[in-house]
Asks: 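I am attaching a structure below and will ask some questions about it afterwards.
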Amino acid sequence: MRTTRTLAAVRRPAALGSALAAALVLSGCGAEVASDAKDSGTVTVKRCGEPVEYTVPERAVAYEGGSADKLFALGLTEHVHGYVMPPANPPVSESPWASEYAKVKMLSDDLLNKEVVVEAKSDFVVAGWNSGFKDERGITPEILDKLGIQSFMHTESCFNYPGHPEKMRPFEALYTDLERLGKIFRIEEKATDVVAGLKKRVAEVAAKAPDGDPVPVFLYDSGTDQPFTAGNQVPPDDIIRTAGGRNVFGGLDERWTQVNWESVAETEPEVVVILDYGDLPAAKKIDFLKKSPHTRELPAVKKNNFFVLDYNEGISGPRNIDGLEKFATYLRELKG
């Protein structure tokens with residue numbers, strides 16, 4: 001088996017070309033960034049556990065806010081053709097990069113599919129495994145490879161990627177994605193700078209974490225008959241842990257996973273984190289938890305200890321750190 005997959009079509013690399021372009025500043029949301037290497041040729045970067053050869057993309061398509069945010073945070077707006085944003089995502093106008101979203105096209109408000117990517121003449125697609133890319137919907141990296149369309153998967157989603165799995169802590173996976181995207185787009189210095197800024201913010205939160213036993217925290221994603229929650233392979237686990245809490249299902253070596261209400265009750269959570277979808281608002285979830293016989297006697301529910309985590313703060317992306325800072329403030333005030 002080949003260890004490196006070469007994409008069928010080699011695209012014309014983006015031209016940042018001149019010495020003047022190389023001197024562009026590296027600050028500001030969506031600002032142009034300097035190229036750290038020649039834009040011609042290919043560079044080998046891991047896509048999950050698989051080494052893949054990439055040319056510099058010119059017409060990237062991002063699926064969901066986390067993918068687009070990573071590109072915008074790296075100053076790559078000019079390389080982004082558009083985005084696909086399903087109903088679960090809150091409005092892009094609420095994003096820190098709202099002005100960058102406004103510069104590119106919204107291609108669909110549905111799930112990612114091959115047709116929208118082909119119609120967009122995209123040369124690069126960023127999504128997660130089993131969210132954007134999915135065998136059942138007929139859009140996978142392998143299928144796109146055969147079409148000459150490059151693809152990149154969130155490392156956080158590589159935990160169960162067939163054939164080439166990769167596993168790392170969620171925040172580390174975020175940093176890795178930014179570094180790998182930096183290499184693909186030949187802006188390694190910008191990526192290093194962005195990652196350093198995120199790591200500094202995380203370290204500042206960790207240093208202020210409350211003393212004593214971590215607060216038991218239950219993340220409620222969705223579900224009435226059986227709840228969906230966060231295992232240790234998704235960002236909320238790192239958010240809870242770094243802020244000084246304990247994800248009551250952090251022992252599950254899973255991503256988003258289904259449990260039962262009996263196991264939730266046994267954990268006696270002191271805080272419930274509500275993942276707030278655009279199409280399933282937090283208020284409805286809180287109302288359900290307060291009324292359900294399975295949950296209304298939980299310590300967190302009786303004390304009204306609910307923290308709302310925005311959808312894009314819970315899926316892999318730079319807004320994870322915004323969510324961390326907000327939750328850390330909430331925990332400190334709760335324990336203070």
Side-chain angles (χ1 to χ4, degrees), residues 14 16 24-37 39 43-52 54 56-57 60-80 83 95-97 100-101 104 124-129 131-132 141 150-159 161 166-205 233-239 242 312-325:
L16 292 178
L24 289 171
V25 294
L26 301 182
S27 61
C29 290
E32 292 184 17
V33 296
S35 176
D36 298 334
D39 291 340
V43 63
T44 299
V45 178
K46 278 190 176 182
R47 182 177 64 192
C48 291
E50 177 185 23
V52 174
Y54 290 92
V56 177
V61 168
Y63 178 68
E64 292 199 299
S67 301
D69 288 354
K70 287 174 183 177
L71 296 172
F72 294 147
L74 291 171
L76 293 169
T77 306
E78 290 191 355
H79 294 260
V80 179
Y83 59 90
S95 168
W97 295 278
E100 306 311 308
Y101 279 99
V104 303
F124 187 66
V125 182
V126 184
W129 176 247
S131 54
Q150 304 178 113
S151 62
F152 181 84
M153 280 183 289
H154 301 300
T155 304
E156 170 267 336
S157 74
C158 294
F159 170 64
Y161 179 56
E166 188 173 29
K167 179 181 175 182
M168 62 180 71
R169 293 295 312 174
F171 282 178
E172 192 60 36
L174 168 62
Y175 308 147
T176 297
D177 285 346
L178 293 167
E179 290 164 351
R180 288 176 178 175
L181 287 167
K183 189 172 182 182
I184 290 169
F185 285 91
R186 318 300 199 267
I187 53 160
E188 291 94 332
E189 288 185 11
K190 172 64 175 179
T192 297
D193 183 58
V194 170
V195 169
L198 295 177
K199 287 183 175 180
K200 180 180 178 182
R201 291 167 63 191
V202 171
E204 289 172 349
V205 168
Q233 294 299 302
V234 286
D237 189 73
D238 269 357
I239 288 172
T242 307
N312 284 299
E313 294 170 350
I315 64 172
S316 183
R319 280 189 262 180
N320 292 158
I321 313 308
D322 297 338
L324 167 66
E325 291 170 337

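When a residue number appears, it is its place in the shown sequence, counting from 1. Just so you know, these numbers use all the heavy atoms, side chains as well, and skip hydrogens, waters and symmetry mates.
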Asks: Would you call V126 and H154 a side-chain contact if the rule is heavy atoms closer than 4.5 Å?
Replies: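 Yes, side chains in contact.
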
Asks: Tell me which one of L181, V45, T44 satisfies side chain to side chain contact (heavy atoms under 4.5 Å, CB included) with Y54.
Replies: V45

Asks: Evaluate the side-chain proximity of R319 to S95: yes if any heavy-atom separation is below 4.5 Å, no if none is.
Replies: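 Yes, side chains in contact.
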
Asks: Under 6.0 Å between the ring centres of Y83 and Y63?
Replies: no

Asks: Does some side-chain heavy atom of F72 sit less than 4.5 Å from a side-chain heavy atom of Y101?
Replies: yes

Asks: Please tell me if the side chains of F185 and P57 come closer than 4.5 Å, counting only heavy atoms from C-beta onward.
Replies: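 Yes. Closest side-chain heavy atoms under 4.5 Å.
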
Asks: Minimum heavy-atom separation for S151 and R47, please, with both atom names.
Replies: OG-NH1, 2.9 Å

Asks: Within the 4.5 Å heavy-atom criterion, are L174 and K70 side-chain neighbours or not?
Replies: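 Touching, per the 4.5 Å side-chain cut-off.
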
Asks: Contact between C158 and K167 at the side-chain level, heavy atoms closer than 4.5 Å - yes or no?
Replies: no

Asks: Taking all non-hydrogen atoms of both residues into account, name the closest pair between P318 and G66 and its distance.
Replies: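 In terms of heavy atoms, the two residues are closest at CD-O, 4.4 Å.
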
Asks: With distance as the sole test, does S67 use its side chain to make a donor-acceptor pair with the main-chain N or O of A62 at under 3.5 Å?
Replies: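 Answer holds: no.
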
Asks: Test of understanding: with side chain to side chain contact (heavy atoms under 4.5 Å, CB included), list the residues that count as partners of E179, not counting sequence neighbours.
Replies: V195

Asks: For a side-chain contact (heavy atoms from CB on, under 4.5 Å) check, start with the C-alpha distance between D237 and R169, then their side-chain angles and the critical distance, and finish with the verdict.
Replies: CA-CA 9 Å; D237 189 73; R169 293 295 312 174; 2.6 Å; yes

Asks: Taking all atoms of both residues into account, what is the closest heavy-atom pair of A127 and G132, and its distance?
Replies: CB-CA, 3.9 Å

Asks: Write down the atom of G75, the atom of K190, and the distance for their closest heavy-atom approach.
Replies: N-CE, 4.5 Å

Asks: Establish, from distance only, whether the side-chain atoms of T176 and K46 form a donor-acceptor pair under 3.5 Å.
Replies: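 No donor-acceptor contact under 3.5 Å links the two side chains.
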
Asks: How long is the span from the OG1 atom in T155 to the OH atom in Y175, to the nearest 0.5 Å?
Replies: 13.5 Å

Asks: If you round to the nearest 0.5 Å, how far is CD of Q233 from CG of D238?
Replies: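 The distance works out to 9.5 Å.
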
Asks: Judged by atom type as modelled, is there a donor-acceptor pair below 3.5 Å linking the side chain of R180 to the main-chain atoms of L178?
Replies: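 Pair absent, no side-chain N/O of R180 close to backbone of L178.
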
Asks: Apply side-chain contact (heavy atoms from CB on, under 4.5 Å) to residues E166 and Y161 and explain how you reach the verdict.
Replies: CA-CA 8 Å; E166 188 173 29; Y161 179 56; over 6 Å; no

Asks: Working note: V56 + R186, criterion side-chain contact (heavy atoms from CB on, under 4.5 Å); need CA distance, chi angles, decisive distance, verdict.
Replies: CA-CA 7 Å; V56 177; R186 318 300 199 267; 3.6 Å; yes

Asks: On a heavy-atom basis, which atom in L74 and which in G182 lie closest, and how many Å separate them?
Replies: CD1-N, 4.3 Å

Asks: If you round to the nearest 0.5 Å, how far is CD of E156 from CD1 of I315?
Replies: 8.5 Å

Asks: Looking at E204 and R201, is there a salt bridge between them, counting it only when a charged N and a carboxylate O are closer than 4.0 Å?
Replies: no

Asks: I want to check something: taking the side chain as every heavy atom from C-beta on, are L198 and F171 in contact at a cut-off of under 4.5 Å?
Replies: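 No, side chains not in contact.
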
Asks: Tell me the closest heavy-atom pair linking S316 and D177, and the distance in Å.
Replies: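 So the minimum-distance heavy-atom pair works out to OG-OD2, 4.1 Å.
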
Asks: Donor-acceptor pair, distance only, cut-off 3.5 Å: does the side chain of N320 make one with the backbone of G317?
Replies: yes

Asks: Side chains of F152 and P141, heavy atoms from C-beta outward: is any pair under 4.5 Å?
Replies: no

Asks: Has T242 got a side-chain atom pairing as donor or acceptor with I239's backbone, closer than 3.5 angstrom?
Replies: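 No.
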
